[in-house]
Amino acid sequence: MPMPVPVPHQRKRIPGWLRGVIWAVVAIGVMSAASYSTGVSSLTSSNTTSTALRLALPILLCALGGLWAERAGVINIGLEGMMILGTWGAAWGAYYGGVWIGLLAAIGFGALGGLLHAVATVTFRVNHIVSGVAINLLGLGVAKYLANLIFEPLSGNPRQSPPVPKFDTYSAAGLSDWLGSMEDQQRVGLSDVAGILKGLVTGVAPLTMIAIVLVPLSYWVLWRTRFGLRLRSCGENPVAAESLGVNVYRYKYVGVLISGALAGMGGASLVLLKGGADYLENQTNGRGYIGLAAMIFGNWRPGGLLGGAALFGYADGLQLAGGGEAVLALLYGTVLLLAIIVIVQLFRRRWIAAGLGVVGAGILYTIYWTNDTLPSDLIPYTAHFVTLIVLAVASQRLRPPKADGALYRRGEGD
């Protein structure tokens, strides 16, 4: 009688959403400790959080746009150009028809950029990177031409639109006041959490709520519906998908169109939210690329890219709210976070990763200890530096769609 083969014990994996919550709690704790140690309250203030939320929106929407395109198998580095088209469309539509017309116009102009990218990459099988670069250049040129044609007679400045209406904002009045009083008491931990929560419930625009809802909605559509399964199959194995009756071209077009529309919404968030400027030339400042980085950091998952957008938005908002002193305090907080990561890596017996963490913490602490503030010329690029560092750290665990960027021709499996 054959002996039964023992089944190896498998450890239960922590759900992705729970890991995200744990890391968010750890990050808040680290920033609270850094704020207390350095005396820089802006690390967890409501002003920083509110600014970070506004600046994270275009990154989040562009990251979601990249997710839809790349899950369909189309690399979309043209997000920046589609976002630029969205900024112009938002200002034009809002000036003539109000904020909601401006939002629809931004979506339409962004989707138009997505359509051009889809025609080039899906129908004519142009290299995805080449097409994306072309879309970025085209978006910049078209927006500049239209601004000269439409906005210069109105504002007298070919690089700027006339004043446009903004979205109204709403606050949880009673809760916001209570959190504000808690923040003012400067209690370690409690005041930090109160400041962060106050920034999240004060002065919130409808576009902000729409963008946040789009994250779980995208997850549900892509991972819990037949449509989403077919779209993702086009990014994993389009030949197999076609053999099962999936119209691969159609799903790729839909994915890239939605991608452009979301990037256009990201452009609208720069123009139509209070605290932001009206349309300006080069207004996006590379946020489309940062959104693409947030998507990669999030491993092509909605929850992960939400964390990436929050991180990059926080870094950008901190430098605006607190300046060089706050960014320097952020380095101290990063040292504390690296210390936690090193302990985790030692517990897992990943000696090389732990050693690299020690080296990185040592370099950052040296910079913090030897400087009273950071050079003013470098401070505006805080989010860009964070992007490079995060991508370097996260590159070991990435798993993109298998056919992402592959040039596909209908009937290849025959």
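The shown structure was predicted, so the numbers you read here are calculated from the model rather than taken from an experiment.
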Q. Between F151 and W88, is the gap from one ring center to the other below 6.0 Å?
A. yes
Q: Kindly confirm or rule out a cation-pi arrangement of R301 over W223, judged by NZ or CZ under 6.0 Å from the six-membered ring centre and within 45° of its axis?
A: yes
**Q.** Exam field: side chain N371 to backbone I367, donor-acceptor pair closer than 3.5 Å
**A.** yes
Q.
Can a donor-acceptor pair be found, under 3.5 Å and without considering hydrogens, that links the side chain of S45 to the backbone of T48?
A. yes
Q. Checking side chain to side chain contact (heavy atoms under 4.5 Å, CB included) for the pair K198/M182: CA distance, chi angles, key distance, verdict?
A. CA-CA 10 Å; K198 181 187 176 185; M182 286 288 295; over 6 Å; no
Q) Considering the options M265, M295, M83, which one meets the side chain to side chain contact (heavy atoms under 4.5 Å, CB included) requirement together with C62? A) M83
Q) Cation-pi between R410 and Y249: NZ/CZ under 6.0 Å from ring centre and within 45° of the ring axis? A) yes
Q. Do the side chains of I290 and D316 get nearer than 4.5 Å, heavy atoms only?
A. no
Q. Side chain of R71, backbone of G235: donor and acceptor closer than 3.5 Å?
A. no
**Q.** Step-by-step side chain to side chain contact (heavy atoms under 4.5 Å, CB included) determination, T44 to T49
**A.** CA-CA 7 Å; T44 55; T49 306; over 6 Å; no
Q) Do you see a donor-acceptor pair shorter than 3.5 Å between the side chains of N76 and S259? A) yes
Q | Sidechain-backbone polar pair: T284 side chain, R287 backbone, donor-acceptor under 3.5 Å | A | no
Q. Looking just at side-chain N and O atoms, do Y253 and N247 make a donor-acceptor pair shorter than 3.5 Å?
A. no
Q: Give the ring-plane orientation class for H128 versus H117, where under 30° counts as parallel, over 60° as perpendicular and anything between as tilted.
A: perpendicular
Q | Nearest-0.5 Å distance that lies between atom OH in Y314 and atom OG1 in T51 | A | 11.5 Å
Q: Step through the shown structure and confirm whether more than 12 heavy atoms of other residues, nucleotides or ligands are within 6.0 Å of CD on Q345.
A: yes
Q. Would a distance-only check, ignoring hydrogens and angles, find a side-chain to backbone donor-acceptor pair under 3.5 Å from S181 to W178?
A. yes
Q: Determine whether more than 12 heavy atoms belonging to other residues, nucleotides or ligands lie under 6.0 Å from atom CG of L244.
A: yes
Q. What is the ring orientation for Y332 with Y365, classed by angle as parallel under 30°, tilted 30 to 60°, or perpendicular over 60°?
A. tilted
Q: Decide side chain to side chain contact (heavy atoms under 4.5 Å, CB included) for V254 and F227; before the verdict, give the C-alpha distance in whole Å, the side-chain angles of both, and the deciding distance to 0.1 Å.
A: CA-CA 11 Å; V254 170; F227 168 82; 3.7 Å; yes
Q: Evaluate the side chain to side chain contact (heavy atoms under 4.5 Å, CB included) criterion for residues I28 and D192: first the C-alpha distance (whole Å), next the side-chain angles of each, then the deciding distance (0.1 Å), finally the verdict.
A: CA-CA 8 Å; I28 292 173; D192 299 299; 5.5 Å; no
Q: Inspect the contact between K252 and E242 and indicate whether a charged nitrogen and a carboxylate oxygen are less than 4.0 angstrom apart.
A: no
Q.
Within the 3.5 Å criterion, strictly below it, is a donor on W220 or T225 matched to an acceptor on the partner's side chain?
A. no
Q: Could you give me the CA-CA distance, side-chain angles and deciding distance for W100 and F167, then say whether ring pair (Phe, Tyr, Trp, His ring centres under 6.0 Å) is met?
A: CA-CA 8 Å; W100 290 105; F167 275 108; 5.0 Å; yes
